[in-house]
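Report on the following structure.
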Amino acid sequence: MGGARGRRPCHRGSDWAAGTTLGAVIESYDPHAIEARWLARWDGATLRRDGAEKRYVLTMFSYPSGDLHMGHGEVFAIADAWARFTYMRGYDVLFPVGFDSFGLPAENAAIKRGADPVTWTYANIRTQSDSYRRYGMAADWSTYLATSDPEYYRWTQWLFLRLFEKGLAYRRESAVNWCPQDQTVLANEQVVQGHCERCGTLVTKRTLTQWYFKITEYAQRLLDDMDQLQGRWPESVLAQQRNWIGRSEGAYVDFAVEGRDEPVTVFTTRPDTLYGATFFVVAADAPLAAELVTGEQRPAFEAYREQVAALTEIERQSTEREKTGVFLGRYATNPLSGERIPVWAADYVLAEYGTGAIMAVPAHDQRDLDFARAFDLPVRVVVETGEPDPAETGVATAGDGVHVNSGELDGTGKADGVAAAIAHVEQAGTGRGTVIYRLRDWLLSRQRYWGAPIPIVHCPTCGEVAVPDDQLPVLLPPTTDVDLTPKGTSPLGTATEWLQVECPSCGGPATRDTDTMDTFVDSSWYYLRYCSPGRTDVAFDRADLDDWLPALPYIGGKEHTILHLLYSRFFTKALYDLDLVGVTEPFAQLVNQGEVINQGRGMSKSLGNGVDLGGELETHGVDAVRVTMLFASPPEEDVDWADVSPAGAGKWLKRVWQLAGDVGSVDGRAVDPATERAAAHLIDETTGHMVEHRFNVAVARCMELTNLLRKAHDAGHDARPGVEALVRMVAPFAPYTADEAWERLRCEGWATRADWPTADPALLVVDSVTCVVQVGGKVRARLEVAPQIGEDALREQALEAATEWIGGREVRTVVVRAPKLVNVVLV
RNA sequence: GCCCGGGUGGCGGAAUGGUCUACGCAGCGGCCUUAAAAGCCGUGGCCCGUGAGGGCGUUGUGGGUUCGACUCCCACCCCGGGUACCA
């Protein structure tokens, strides 16, 4: 299936390059001719070099749904410039390429238009690969992979089995998110405000037996290891991941409920407010609620439960809504005070969080207070915060204060009150301190065809049996054997022949698992595979991983802030524990590139403001488009295509090309010392901005250098050393133009493989500095002074220069910051 | 509501305690041209002045620290993104 067809598409020259005679002399700046010429020459060249320090420059790989768009243009321009610069600075650079090629669009195209997912996917991969190469990407095609290749998903299955052996992959029945449109289950992370992240359909709940990865076991490590990422990942990404994991410290407290043998446990972050608990609430949709309701209250409860079930997720989650609930006719006992409090069912308590039941402390929790006021339940202050009485104001007081009406806790503050309360319940055996997380286990089964089959066999006698490693991959059955029509069950179940297998354990008749894996499983380890391309004996080689990991940087969009990054971090840790990987964090630095928008808004079909990347490349050329993306703003910011000028970028590139030609055709000129010094400073500054990936400023400095050298050349000076540096510094942004200009300079080899220029330190030493003389903070004069000038000498000169501005007034003080500034402060 | 990011010319953006607006786009004036495009030169806060020059103002708002603040501190306003009954 597919794999062999998918490997290394378009590795050799493509159609658009045909017809150009190699070596033809190009006389005017014609981007397309230059592109064709150099693309053919670059064929297969990578950024690898032997014996140098290794760097791994990684971009999030793309889903092959059609051709490249403007967003790809942005991320690829950034990544390629970074990778090329890193290489020119002397590193051995791994810059891989691949496709995340399993997933719903292929299958939906199959259902809608009858296209074979295999054919559809690999045709798109070929199109995108062609465009990718044309865009000038210096990627190493020997790393190429597509997650739908059997030789890739074989290892996806292999890794699943390793996690299965460790108990990190398991099956259980539970209520899951279900998308009625896509007819599949969704992970928590794929439900956005109650809707399917992919198609926007309202998500419903279903009770199904599904496969999960035990990511919750890693919750604390996912949190702790963010220390390694602090300052290297965007703060917002770290904040969102912390939020998502949702660590919460508190206590479990057991409440005896009359007429029930077992106590009911609640989770609370405020065990110190136990004496303020005036009622007890159970999630209306939890089985516990139905169990606890007493006979006479049952009709009211059933009516309420139906009313809640009829609400949409959106309605239910609205915080504006009035609190609703129903009394269950039963009472619970406070384990500290012994107080008897009524048990209610309500929908503001969530069945899935904590234990699905809470102790309500209306005085110190806004939600509980709202509920208490709606049902006229008592409000008892147990922490004096100095704020007005919640029962009167309707505003709960959550701050610190002194405990009152709290028995043994009286007089304590919030922190020691919490500790004391935990100590008391632990001693009494009715509770314990704990930490809980919002994070749920990762639901990985999908009832769809176009994904990696889960390598498990269900045997009536042996149960869940792993497919032996030597029988991997479990190949997808051909589409001709499968009914792809969505019907809520796995399409693989209709492949009758494929389904029936011998149990690997007992040899009896058994059936295959019919679910496929979430495509986020595929993308949780591809960056490992890239390090050991083409290996058929292992998923990846530990020595290769030790060479390359972690990736520095990882470049991609904000849409993967939680999903992909959290899953990949989990995988890396799980594989670290299996001793398969040597690092605990795969991505040492994360860059979220901005989006390409148009007229202030995201491009979309409905707005009709889309810009076609192919069209822009046709009009302006690859280099001009790349430079436009990079020059517009820092990588993290959005680029509004209505505000930028690819034509302007093209003009600059043409001037570089022209200058290289002019300089290349003259000899025997002398270098102008002033130009030389100015150029050295610009080279130095450009390098500094590149290191900090401020590509927009680096381009600006290159433009200044172009202007400077043009003037020098026109004045009859030798601009060659400067232009040779300039052309090399342009190479990461505009590789085609740089290599062409390099040739016009009559230089050896390629600019794109030359060393990054360095400024002669002797030229960076300044022999004269402009000193600003301020009077009362205003610039009044400028002096040319030696950089080593002493404070006293400078003060003297400055006072003289400022005499006119001082005008005989009394000088209070003179601030001297030699050699750059003197400020004369008047009384 | 909470969390994160941001507010500098007509526009994208430079500048992280010391000359605000680098570089570019757009505009305006000029050269070249029969004309246009392209290219090149000049110009870029406001006011006065033919000019040299001078006066005033200026980084969302208000305050503070400092000889000096886009930059640091406090309060607020606005914009963008994320998240939301998580006990």
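Values below: every heavy atom of this structure, side chains too, minus hydrogens, waters and symmetry copies. Lettering of chains follows the sequences in order, A, B, ..., and the numbering in each one begins at 1.
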Residues at least two apart in sequence or cross-chain that pass ring pair (Phe, Tyr, Trp, His ring centres under 6.0 Å) with Tyr353(A), listed by chain then number, are none
Assigned chi class of G9(B) under the 90° convention is syn
Discussion item. Donor-acceptor check, side chain of Thr273(A) to backbone of Arg270(A), threshold 3.5 angstrom: yes or no?
Written reply: yes
Nearest heavy-atom contact between Ala719(A) and Val663(A) is CB-CG2, 4.0 Å
Sorted by chain and residue number, the salt bridge (Lys or Arg N to Asp or Glu O under 4.0 Å) partners of Asp684(A) (sequence neighbours excluded) come out as none
Between CD of Glu704(A) and P of G13(B) the distance, given in whole Å, is 19 Å
Answer for the Watson-Crick or wobble partner of G39(B), both distances under 3.5 Å, is C31(B)
Query - Euclidean distance for P, U59(B) against C70(B) (whole angstrom) - result: 6 Å
Are there more than 12 heavy atoms of other residues, nucleotides or ligands under 6.0 Å from atom CZ of Arg373(A)? yes
Closest to the 5' end of RNA chain B, once Val697(A) and Val237(A) are matched to their nearest nucleotides, is Val237(A)
Report all interatomic pairs (protein N or O, nucleotide N or O of nucleotides 26-30 of chain B) with separations under 3.5 Å.
none

| request: Please state the P separation for the pair U8(B) and G13(B) - nearest whole angstrom. | output: 9 Å
For the P atoms, the ones on G27(B) and on C76(B), what distance do you get once it is rounded to whole angstrom? 44 Å
With the side chain defined as heavy atoms from C-beta on, Val349(A) is closest, among G13(B), A22(B), A87(B), to A87(B)
**Message:** Check the phosphate of G24(B) against Asn707(A), side-chain N and O only, distance under 4.0 Å to OP1 or OP2. Yes or no?
**Reply:** yes
Of C40(B), A87(B), C23(B), the nucleotide closest to the side chain of Ile358(A) is A87(B)
In whole angstroms, the gap separating C1' of G81(B) from CD of Glu637(A) amounts to 12 Å
Residues passing the side chain to side chain donor-acceptor pair (under 3.5 Å) test with Gln230(A), sequence neighbours excluded, are Glu235(A), Arg242(A)
Contacts of Asp714(A) meeting side chain to side chain donor-acceptor pair (under 3.5 Å) (sequence neighbours excluded), chain-then-number -> Arg710(A)
From OH of Tyr252(A) across to C1' of A87(B) the rounded distance in Å is 12 Å
If pairing means Watson-Crick or G-U wobble with both distances under 3.5 Å, then the partner of G5(B) is C79(B)
Residues passing the side chain to side chain donor-acceptor pair (under 3.5 Å) test with Thr216(A), sequence neighbours excluded, are Asp441(A)
Practice problem: Tell me what Asp640(A) touches on the nucleic acid: a base, only sugar-phosphate, or nothing, going by heavy atoms under 4.0 Å. | Solution: nothing
For C72(B), the nucleotide meeting Watson-Crick or G-U wobble distances (both under 3.5 Å) is G64(B)
**Asked** Under 4.0 angstrom, heavy atoms only, what part of the nucleic acid is Arg694(A) near: base, sugar-phosphate, or nothing?
**Response** sugar-phosphate
Could you check whether Pro234(A) gets within reach of a base, just the sugar-phosphate, or nothing at all, counting any heavy atom under 4.0 Å?
nothing
note: Asn243(A), atom CG; G1(B), atom P; distance rounded to Å ~ 17 Å
When rounded to whole Å, the NZ to P distance for the pair Lys711(A) and C40(B) reads 11 Å
Once you measure the plane-to-plane angle for His560(A) and His564(A), does it fall in the parallel (<30°), tilted (30-60°) or perpendicular (>60°) bin?
perpendicular
Whole-Å distance, Gln241(A) CD to U83(B) P, equals 13 Å
Taken in chain and number order and not counting sequence neighbours, the residues that satisfy salt bridge (Lys or Arg N to Asp or Glu O under 4.0 Å) with Arg432(A) are Asp254(A)
Lys323(A) has its side chain closest, among C4(B), C85(B), A87(B), to C85(B)
query: Under 3.5 Å, is there a donor-acceptor pair between the Asp368(A) and Tyr348(A) side chains?
result: yes
Closest to the side chain of Thr268(A), out of C4(B), A22(B), A87(B), is A87(B)
5'-most contact on RNA chain B (nearest-nucleotide basis), His689(A) vs Thr355(A), goes to His689(A)
Residues passing the side chain to side chain donor-acceptor pair (under 3.5 Å) test with Thr434(A), sequence neighbours excluded, are none
Please check if the side chain of Asn609(A) supplies one atom and the backbone of Asn598(A) the other of a donor-acceptor pair under 3.5 Å. yes
By salt bridge (Lys or Arg N to Asp or Glu O under 4.0 Å), Glu339(A) pairs with (sequence neighbours left out) Arg380(A)
Per atom distances to the Asp347(A) side chain, the nearest of G12(B), G13(B), C85(B) is C85(B)
note: Glu352(A), atom CD; A87(B), atom P; distance rounded to Å ~ 14 Å
| What distance, rounded to whole Å, do you find between the two P atoms, one in G9(B) and one in C20(B)? | 16 Å
Return all side-chain donor-acceptor pairs below 3.5 angstrom for residues 648-656 of chain A, not counting sequence neighbours, or 'none' if the list is empty.
| residue | atom | partner | partner atom | Å |
| --- | --- | --- | --- | --- |
| Trp652(A) | NE1 | Thr706(A) | OG1 | 2.9 |
| Arg655(A) | NH2 | Asn707(A) | OD1 | 2.3 |

Which atoms of nucleotides 7-11 of chain B (N or O only) lie under 3.5 Å from a protein N or O atom, and what are those distances?
none

Determine the Euclidean distance between corresponding P atoms of G39(B) and C56(B); express it in Å to zero decimal places.
42 Å
Notebook entry, point to check: On a whole-Å scale, what distance lies between the C1' atoms belonging to C48(B) and G57(B)?
Noted result: 15 Å
With syn defined as a glycosidic angle within 90 degrees of 0 and anti as anything else, the base of G44(B) is syn
- Message: Using the P atom as the point on both nucleotides, what is the distance between U71(B) and C79(B), in whole Å?
- Response: 22 Å
From CG of Asn696(A) across to C1' of G12(B) the rounded distance in Å is 10 Å
Under a 4.0 Å heavy-atom criterion, the protein footprint on nucleotides 65-72 of chain B, written with B, S and -, is --B-----
C28(B) versus A38(B) - spacing of their P atoms, nearest Å: 13 Å
Closest of A14(B), C4(B), A87(B) to the Ala239(A) side chain is C4(B)
Exercise. Checking all strands, does Arg710(A) fall into the base, sugar-phosphate, or nothing category for heavy-atom contacts under 4.0 angstrom?
Worked result: nothing
